[in-house]
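Take a look at the structure set out below.
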Protein chains: 2
Amino acid sequence: MPTLSEVARHAGVTPATVSNVLRNRGRVGETTRQRVLEAVDALGYRPHLAARALAEGRAPTLALMVSSIANPFYPEFALAVERAARASGNFVIICNTNDDPATGRAYLDQIAGTLSEGVLVTNANLHFADLHVTESRGTPVVLCMWERPNEPPGLPCVAVDFRLAGELAGKHLLELGHRRIGAIVGSKVSGIHATRYEGFVDALRVAGVRKNRVKHAADTIHGGYTAARALLEADPQLTAIFATNDLPALGAMHAAADLGLSVPTDLSVIGITDIQLARESRPALTTVAVPTVEVAGLAVSLLRELIESSYGHARRGKTKVPMRISSAPKLVVRASTDVPRSR
Amino acid sequence: MPTLSEVARHAGVTPATVSNVLRNRGRVGETTRQRVLEAVDALGYRPHLAARALAEGRAPTLALMVSSIANPFYPEFALAVERAARASGNFVIICNTNDDPATGRAYLDQIAGTLSEGVLVTNANLHFADLHVTESRGTPVVLCMWERPNEPPGLPCVAVDFRLAGELAGKHLLELGHRRIGAIVGSKVSGIHATRYEGFVDALRVAGVRKNRVKHAADTIHGGYTAARALLEADPQLTAIFATNDLPALGAMHAAADLGLSVPTDLSVIGITDIQLARESRPALTTVAVPTVEVAGLAVSLLRELIESSYGHARRGKTKVPMRISSAPKLVVRASTDVPRSR
DNA sequence: ATGAAAGCGCTAACAG
DNA sequence: CTGTTAGCGCTTTCAT
């Protein structure tokens, strides 16, 4: 691969001039400018990103921490992140923590500040302490989907009002006339879906519906399947099921099918997020959509701001921890919910 | 972030010595060794990956080109690639080409050799010419899922016998007694699924089944849905549908449902690949499994070999283009296929 | 066994 | 406008 100095030699100038031309740093004569440009593509020169980053004192990528890219929500988010990152000149490295804090820490230790100039964190089951460490070493961190806008996490974040999401789901079911509703709380491990469930419960309370059955489950189709079966067996009178995420909601639909219940006639099902599969399931899943693309954009731009303001240092001056709030989740009515069948 | 020389100063030695300690390059006294190690964790030193790569004359990551990480097969593959890459000391950058050759080229131009020391290519709709360019510039490229072991692509690759996959699918349907079978060929754009279809047709021919209906479609659930409807409307007597990929097969199941046909009683459906969704659909999809994890491992190790042998140069010496062959695809019978209902 | 020095490819003052 | 110089953080001969 040709280097800057080779190009310089070829054009009969110095490396500095070539660099100036390439970065449009003005102060370059038009004729040399041309000569340099010719040399550049005569040799097929391409800047060495790692070298450039080193010279500029920054790292060449952004890191995206996810628990597992195989969980269908993350690819969609990752795609949005990659687009936003690329628009601002960064490449992104995907770090699968596999829900293991130690793996997450290993990633952070290795790449934060050396390969990545910033870290984006989704629900990857990381210890906050580890995140604070990398932040204190000067690499900005932003949490991508903080669930409680009213309780800042002490780390820069973009917040999504997930309590509202739960509430909207609950209201939708109530408005259809459901009174006997089961709930599946996904994310058994992290407990992070609690807020969504609270919103749902609030909606019921306001409507004067006292009690509902809850079941915790893994945040997977299978987890939802198992939980839904348990729920339905414990109370065959249930007319609707709310799940804190689309995957378990999809599982609930499968469970219904296996129990001979048809959705939405015999059972309504609603989820949260609006992943692609929600649109593609049969029947299509009613859900509360989270603005994924917007969140990714906000996260990347917040991260870039922190990087450019060398947040790590500013932080010591007691700067407030920044938080961006995404637009509100929105109900998307599809085919999995309907009025309860009178029985 | 502390640097090597700071550690050196702290330990009262020179950077060279620290480097030697860290890389176990022998020739270091035990006492200094200890002192260095202490300094390292007193300061919390971590090597600067970009700087190290630069000094070593290599790039710090591997690039994985995919058309879109949102297509459910890729995340699974990406996860496997990441694991293999990490095991051999690399991080991976995901490059979504969005099926646009220009985007792919832009990625290759920017990162090949400067940020990535090797490139892994899935069906990302890249021009081979572009790949040859990056290869000729010294960055090894390997194709991850070459479909025709007997027709080497002129680029290093790991091949999967997809013709056989199609054949196995066809045979399975035939053995169940199906004679009137529709086929959906996904990947309309790249035409890359032709081989799979050929295998299927071969199986029919051998069995003396002359004709079958084919429909081309996008490699998506929706594409399969549309194609299946068209197929079923054109020939309501069809008792089975073969799709060249799981996603369209899943779509075919939806189509069947919407037409009031139950799977597998009224219609059998089979796909190829065995993505996670195939296990999670209702009914679970019968499919021909491709050894994804194995392929990812082979691809990464082949790529590493090429990198270490500086393949780019060797190549000029007319070296044979290497190809690895994965183990054979295997039929996985689930619930979407059965004997045809006599009607 | 350790140190000195050069250099990876690039950028960024500062001179001229 | 262009060149000179230094240096990013690390590795790697080559001396000592």
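Just so it is clear, the model here is predicted, and its values are computed rather than measured. Lettering follows sequence order; numbering is per chain, from 1.
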| task | Examine distances only and state if a side-chain atom of A/Arg46 and a backbone atom of B/Ala112 form a donor-acceptor pair shorter than 3.5 Å. | result | yes
| query | Donor-acceptor pair, B/Arg137 side chain versus A/Met1 backbone, under 3.5 Å? | reply | no
| Looking across every strand, which nucleic acid part, if any, lies under 4.0 Å from A/Thr32 by heavy atom: base, sugar-phosphate, or nothing? | sugar-phosphate
| Test side chain to side chain contact (heavy atoms under 4.5 Å, CB included) applied to A/Pro101 - qualifying residues, sequence neighbours left out | A/Asn125, A/His127
| B/Glu151 backbone acceptor or donor facing B/Trp146 side chain under 3.5 Å | yes
| Would you find a donor on one side and an acceptor on the other, under 3.5 Å apart, between the side chain of A/Asn98 and the backbone of A/Asp100? | no
| query | To the nearest angstrom, how far is B/Arg58 atom CZ from C/dG7 atom P? | reply | 22 Å
| note | Letter by letter from the 5' end, nucleotides 5-16 of chain D scores (B base, S sugar-phosphate only, - none; protein heavy atoms under 4.0 Å) --BBBBBB----
| Does anything in residues 59-82 of chain B pair up under side chain to side chain donor-acceptor pair (under 3.5 Å), and if so which pairs, sequence neighbours excluded? | A/Tyr107-B/Glu82, B/Thr61-B/Ser116
| field | Base-pair map of DNA chain D as dot-bracket, where | denotes pairing with a different strand and pairs are Watson-Crick or G-U under 3.5 Å | value | ||||.|||||||||||
| request: Write down the distance between CD (B/Gln110) and P (C/dG9), rounded to a whole number of angstrom. | output: 19 Å
| message | Rounded to whole Å, how long is the line connecting atom CZ of A/Arg9 with atom C1' of D/dG3? | response | 16 Å
| said: Once ring-ring contact (aromatic ring centres under 6.0 Å, His included) is applied, what residue pairs with a partner in residues 30-53 of chain B remain, sequence neighbours excluded? | reply: none
| request: Using the test salt bridge (Lys or Arg N to Asp or Glu O under 4.0 Å), find all partners of B/Arg33 that sit at least two apart in sequence or belong to another chain. | output: B/Glu30
| request: Could you work out the separation of D/dT2 and C/dG9 based on their P atoms and round it to a whole Å? | output: 25 Å
